[in-house]
Each structure stands twice: as C-alpha cells, then as structure tokens.
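Take a look at the structure set out below.
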Amino acid sequence: MRVVMVGAGYAGLVSGACFAEFGADVTCVDVDRGRIDRLRAGEVPIYEPGLDDLVRRNAESGRLRFAAGPGSEVGAADLVFIAVGTPARRGDGHADLRHVYRAAELIAPHLQGYTVIVTKSTVPVGTAREVRRRLHAARPDADFDVASNPEFLREGSAIEDFLRPDRIVLGVESARAEASLRELYRPLNLIETPILATGIESAELTKYACNAFLATKISFINEIAALCEATGADVHAVARGMGLDGRIGRKFLHPGPGYGGSCFPKDIAALARIAAEREVPARIVEATIAVNSAQRGRMCEKIRAALGGDVADKRIGVLGLTFKPETDDMREAPSLHVLPVLIDEGAEVRAHDPQGMDEAAACLPDSIRFCSDPYEVAETADAVVLMTEWNAYRGLDLERIRDSMRGRVFVDLRNVYEPGAMRSLGFRYCGVGR
Ligand code: UGA
C-alpha cells in the first residue's frame with residue numbers, strides 16, 4: 001500500500017516508520033524543509049528509544065522516504081494521513097486546527113484516483129467532516145473518503161505501542177475506506193489486535209475520552225495520596241488493593257507531581273471546551289484539571305515543609321526535569337511549575353536530567369546550575385528532590401549521596417525508594433501519600 005504521512009513530527013515520524021515496518025511504501029512529508037533535509041541525511045530530530053534504528057532500517061530498504069510537501073506523491077497514495085500538530089490555542093484551550101486545514105488545502109490539488117484521507121492528529125469531534133467539506137470544495141471532482149484513526153502511543157514506548165497496540169480504532173464512513181485501512185493494519189491480525197470500526201465522530205471522541213479517563217485516574221490517586229498523608233495510610237497499599245479489582249485495573253494509579261506532557265494537559269482542556277461549546281456539563285473533566293494544577297502547589301508545599309517551612313538560602317538538588325522518563329520532552333513538565341517557585345522563594349537550585357537538559361535550559365530560570373551527574377547534584381545540598389523516575393535514579397549509591405550532602409532531606413516525588421530503608425540510611429525522607 002502507498003501511504004503519505006503529512007507531518008514528520010513526533011506522531012507522523014513514529015507512525016510513518018512503523019507503517020513502513022508493516023511493509024507499506026511510505027513517504028513522510030513536511031513543510032519544514034530543514035527537518036526533511038535532516039531526515040534524509042539520516043538524522044532523527046526527536047528522542048524516542050528505537051526510532052533512529054527503525055527509521056534508518058526502513059529508509060535503507062527503500063520503504064520509507066522523506067519529501068518537502070505535500071506534493072505530487074499524494075497522487076499515487078492509497079491513504080494520506082494528517083499527523084500535524086494541534087497545540088492548545090493560546091487563551092481558550094481550543095485545539096488549534098490551522099495546521100490540519102492547511103494540510104488539507106495542500107493535499108487537495110494533488111488527489112488522483114480513490115484516496116482515503118485520515119486524521120491521525122488528536123482533533124475535536126467534527127474535524128474530519130470539516131476536512132472533507134474543505135477537500136470537496138477545493139476538488140469537487142476528486143474520489144475520496146475521510147476517516148479518523150486516533151493514535152494511542154506513549155512517548156518513550158511509542159514503537160512498542162504502535163507495533164503491539166491494545167486496539168486500533170477506525171472512524172469510517174464507507175466500507176471502501178474501512179477495507180483500505182484494514183488492509184494497512186493487516187500485519188496486526190497475526191497478534192490478534194482488535195480492530196474496531198466506528199463512525200467518525202465516535203473515533204474522534206474515543207481519543208479524548210481515553211486521555212481524560214487516564215488523567216482522571218491520576219488525579220484521583222493524587223487526591224487519595226493526600227488523604228493517605230492525613231490519615232497515616234500508604235497510597236501504594238491502597239492503589240494495589242484497588243487495582244487488583246479487574247474493573248478498576250492497576251495501571252495509572254501511581255501518585256506523583258501530577259500529569260504533564262504534550263497530550264494530557266492539552267487534550268483534557270480541549271475536551272472541556274468541546275463539552276462547554278455544546279453546553280454539556282463536564283464536571284469530572286474540570287475537577288481532573290483543577291486537582292492536577294493544585295498538585296504542583298502541593299509538591300512545593302511538601303518541599304518547603306521538608307526543609308522546615310522555608311526554602312530561602314537552601315540548596316536544592318533536583319533529579320529529573322522532563323515530564324516523564326525516556327523522553328527529552330519538557331512540555332508541561334511538573335519541574336516547570338515547581339522549580340521557579342522554589343527559586344522565587346530564595347532557593348539555590350541544581351539539576352540533572354539524562355536527556356532533557358538542553359530543552360530544560362531553554363525554558364527554566366537561568367540561575368539553575370545544570371550538573372553532569374546525580375552525584376554532583378547532591379554535593380553540599382540541603383535537600384535532594386527526585387522529580388522524574390528515570391532508571392538512572394533507581395539504583396543510586398545512596399550512601400555516597402548522603403555523605404556528600406550538607407543536609408539529610410530526600411523528597412521523592414515519584415515514590416521510587418522505600419521510606420523505611422531511606423530512614424535507616426539516615427535520610428529525612430518524604431514521599432507522596434505514604
Ligand atoms: C499519553 C497516553 O498515555 C497515550 O495513550 C496517548 O496516545 C498520548 O498521551 C497522546 O495523546 O498522544 P504520554 O503523554 O506519552 O501518553 O505519557 P503517559 O505515559 O501517559 O504519561 C502522562 C503523564 O502522566 C506523565 O506526566 C506521567 O508522569 C503521569 N502519570 C502516568 C502519573 O502521574 N501516574 C501514572 O500512574 C501514570
């Protein structure tokens with residue numbers, strides 16, 4: 001099958017390389033010529049484990065190509081995916097659809113023969129139909145269907161998620177479009193992946209509902225964690241007791257500094273807007289957002305309290321800056337909210353992150369000193385704060401950390417370490433909800 005992927009950003013590149021791995025003939029196009037030149041030279045502009053390798057292998061085999069566009073390659077395609085960014089619009093939380101509609105405009109003149117145009121970007125309900133309206137207005141003669149095929153992959157494990165998904169959701173309006181998409185995903189029949197065909201609006205809403213539900217689980221457990229701190233319960237025991245109930249499930253019940261990243265905050269705000277526009281109450285969604293932003297403040301309060309109520313003139317070493325491990329992504333990372341508050345209150349902050357320091361330096365206060373390893377972070381610190389649970393921080397030489405600090409406070413915002421063991425090592429340890 002011939003596939004054109006419009007947008008060679010995160011979703012487009014991962015999806016394009018994985019479709020090529022399935023055996024399709026894929027061209028990834030982007031209006032950013034510099035990005036295309038870098039990709040053609042074999043340079044993958046984002047950090048995602050395994051992606052370099054996958055791109056190189058499929059490019060070498062000739063199944064994956066890159067071009068500035070969209071242009072003439074659209075004419076030969078069976079399927080054209082729109083995988084451009086849909087950032088939150090400044091001010092109102094709406095998904096900004098300019099890039100999606102611009103992609104449709106650029107695709108239209110090149111359509112030839114029957115083509116399925118598929119939105120892969122996360123877009124509000126009704127967007128695929130609006131894409132169809134615009135394409136039809138530009139090319140009333142063209143033979144095409146639109147479809148929605150939302151993506152559920154996670155940063156850091158995107159390739160595995162794509163190649164071994166829990167399910168595929170296809171929002172389609174014709175049997176012909178469904179057949180074309182099923183053919184593309186045929187290699188997944190081998191591992192018996194459920195492929196669900198629905199209406200277009202249902203597929204679009206499924207994506208938002210999934211992200212909102214997962215975010216709600218996180219906000220819920222963070223609220224329970226606060227209650228555990230007030231009652232002497234241990235949130236991990238509670239989460240395990242809950243999660244073993246098959247109706248609830250164990251995943252996404254890990255407490256912490258709140259969810260971040262390029263998806264949850266943006267998509268949940270967009271879902272709240274979609275509901276507000278239709279005058280449908282979305283109280284749970286709104287509470288999820290409110291609990292998450294309050295969680296940032298609670299983390300600052302936790303650090304303050306651990307240091308005796310005040311961080312002024314305290315030296316704080318921070319381990320991890322990205323919104324989660326295995327990514328260099330700093331978007332909506334809890335560190336962006338917590339660190340400036342500590343610095344404003346007079347703390348001296350040092351930090352380390354295995355992949356995110358370049359990104360972090362661009363968006364955090366200049367006064368932060370970036371260190372080359374976790375031990376340098378801890379040297380003469382009054383407190384160490386574990387902000388992101390990178391594997392590199394799971395097996396630290398804790399005695400070395402303790403002996404090089406000038407204080408003994410260890411604030412573990414991801415509950416990586418066991419409170420009892422940390423206390424017997426001599427730390428004044430504080431986690432979340434235990
Ligand atoms: C999320 C979804 O998990 C994907 O299914 C979806 O495709 C993606 O958004 C998207 O819409 O593109 P991602 O943002 O990469 O993926 O990251 P997650 O692993 O879901 O983590 C999101 C945030 O929740 C992180 O800040 C993480 O630290 C936090 N989290 C996650 C918790 O605080 N507790 C948990 O138990 C799980």
Side-chain angles (χ1 to χ4, degrees), residues 7 9-15 18 46-49 83-88 95 119-123 149-162 164-169 204-225 235-236 238-240 242-243 248-271 288-289 291-293 295-296 298-299 320-338 356 386-390 412-416 431-433:
Y10 188 82
L13 210 49
V14 170
S15 310
C18 288
I46 50 176
Y47 175 77
E48 175 64 34
V84 295
T86 53
T119 47
K120 213 169 210 351
S121 308
T122 301
V123 290
N149 173 215
E151 199 42 68
F152 300 103
L153 44 85
R154 289 162 300 172
E155 287 185 26
S157 51
I159 311 257
E160 180 63 17
D161 287 350
F162 199 101
R164 272 174 248 289
D166 287 345
R167 77 318 204 172
I168 298 294
V169 175
E204 287 173 336
L205 194 54
T206 300
K207 169 67 191 188
Y208 282 107
C210 286
N211 275 0
F213 194 81
L214 292 169
T216 302
K217 278 185 102 172
I218 298 169
S219 278
F220 184 85
I221 202 66
N222 282 337
E223 215 163 57
I224 295 294
V235 70
H236 286 291
V238 176
R240 192 162 155 72
M242 289 171 63
I248 296 174
R250 294 161 70 161
K251 293 182 181 163
F252 277 69
L253 287 179
H254 197 87
Y259 60 78
S262 63
C263 304
F264 282 180
K266 158 178 83 71
D267 291 352
I268 292 139
L271 182 57
T288 294
I289 298 170
V291 170
N292 198 59
S293 66
Q295 191 69 359
R296 315 301 204 205
R298 281 194 63 234
M299 298 302 103
L321 297 167
T322 51
F323 83 98
K324 68 173 195 177
E326 296 303 332
T327 174
D328 58 359
D329 201 335
M330 284 295 296
R331 283 175 285 180
E332 297 291 329
S335 63
L336 293 178
H337 300 257
V338 174
L386 199 159
M387 186 77 82
T388 314
E389 69 280 31
W390 285 90
D412 184 357
L413 299 184
R414 301 287 183 167
N415 290 353
V416 165
V432 181

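The basis for the numbers below is simple: all heavy atoms, side chains too, and nothing from hydrogens, waters or symmetry mates. Remember, it's 1-based here, ligands and their atoms both numbered in the order they're listed.
Taking the six-membered ring where the residue is Trp, Phe264 and Tyr259 present perpendicular rings, their angle passing 60° and hence far from 30°.
Although no hydrogens or angles enter the test, the distance criterion places no donor-acceptor pair under 3.5 Å between the side chain of Glu151 and the main chain of Ser121. Side chain of Asp161 to backbone of Arg154: a donor-acceptor contact under 3.5 angstrom is found. Checking side-chain atoms of Lys217 against main-chain N and O of His254 turns up no donor-acceptor pair under 3.5 Å. Formation of a donor-acceptor pair under 3.5 Å by the Thr86 side chain with backbone atoms of Thr122 is found in this model. Using modelled atom types, no side-chain atom of Lys324 and backbone atom of Trp390 make a donor-acceptor pair closer than 3.5 Å.
Of the candidates Ala333, Gly260, Ser219, Gly260 brings a heavy atom nearest to atom 26 (O) of ligand 1. The closest non-hydrogen atom to atom 2 (C) of ligand 1, taken over Phe152, Phe264, Phe323, Tyr208, comes from Phe264. Of the listed options Lys266, Arg154, His254, Glu389, Arg154 places a heavy atom closest to atom 3 (O) of ligand 1. When Pro257, Ala215, Gly258, Cys263 are checked for heavy-atom proximity to atom 12 (O) of ligand 1, Cys263 turns out nearest.
Here is the list of ligand 1 atoms found below 4.0 Å of a heavy atom in Glu155: 15 (O). Atom numbering of ligand 1 starts at 1 in the shown order; those under 4.0 Å from a heavy atom of Lys207 are 6 (C), 7 (O), 10 (C), 11 (O), 12 (O). Taking every non-hydrogen atom of Arg414 and a distance limit under 4.0 Å, the qualifying atoms of ligand 1 come out as 28 (O).
Shortest contact from atom 6 (C) of ligand 1 to any protein heavy atom: Leu153 O, 3.3 Å. Annotation: atom 30 (N) of ligand 1 to nearest protein heavy atom, Ile218 CD1, 3.4 Å. When only non-hydrogen protein atoms are considered, atom 23 (C) of ligand 1 lies nearest to Tyr259 CB, 3.7 Å. The nearest heavy-atom contact from the protein to atom 20 (O) of ligand 1 is Phe252 CZ, 3.3 Å. Counting only heavy atoms of the protein, atom 17 (O) of ligand 1 lies nearest to Lys324 NZ, 3.0 Å.
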Using side chain to side chain contact (heavy atoms under 4.5 Å, CB included), reason through Glu48 and Tyr10 one step at a time and then give a plain yes or no. CA-CA 9 Å; Glu48 175 64 34; Tyr10 188 82; 2.4 Å; yes
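Residue contacts with ligand 1 for Asn211 involve side-chain atoms from C-beta outward but no N, CA, C or O (heavy atoms, distance under 4.0 Å). With a 4.0 Å heavy-atom cut-off, ligand 1 is reached by no atom of Arg331. Within the 4.0 Å heavy-atom criterion, the part of Asp267 lying near ligand 1 is the side chain and not the backbone.
Taking the ring centre of Phe152 as origin, the terminal cationic atom of Arg167 falls inside the region bounded by 6.0 Å and 45° from the ring axis.
Between Ser157 and Glu326 there is no side-chain heavy-atom pair separated by less than 4.5 Å.
An N or O contact shorter than 3.5 Å is missing between Gly261 and ligand 1 by distance.
For the residue pair Gly320 and Thr388, the shortest heavy atom distance occurs at C-OG1, 3.3 Å.
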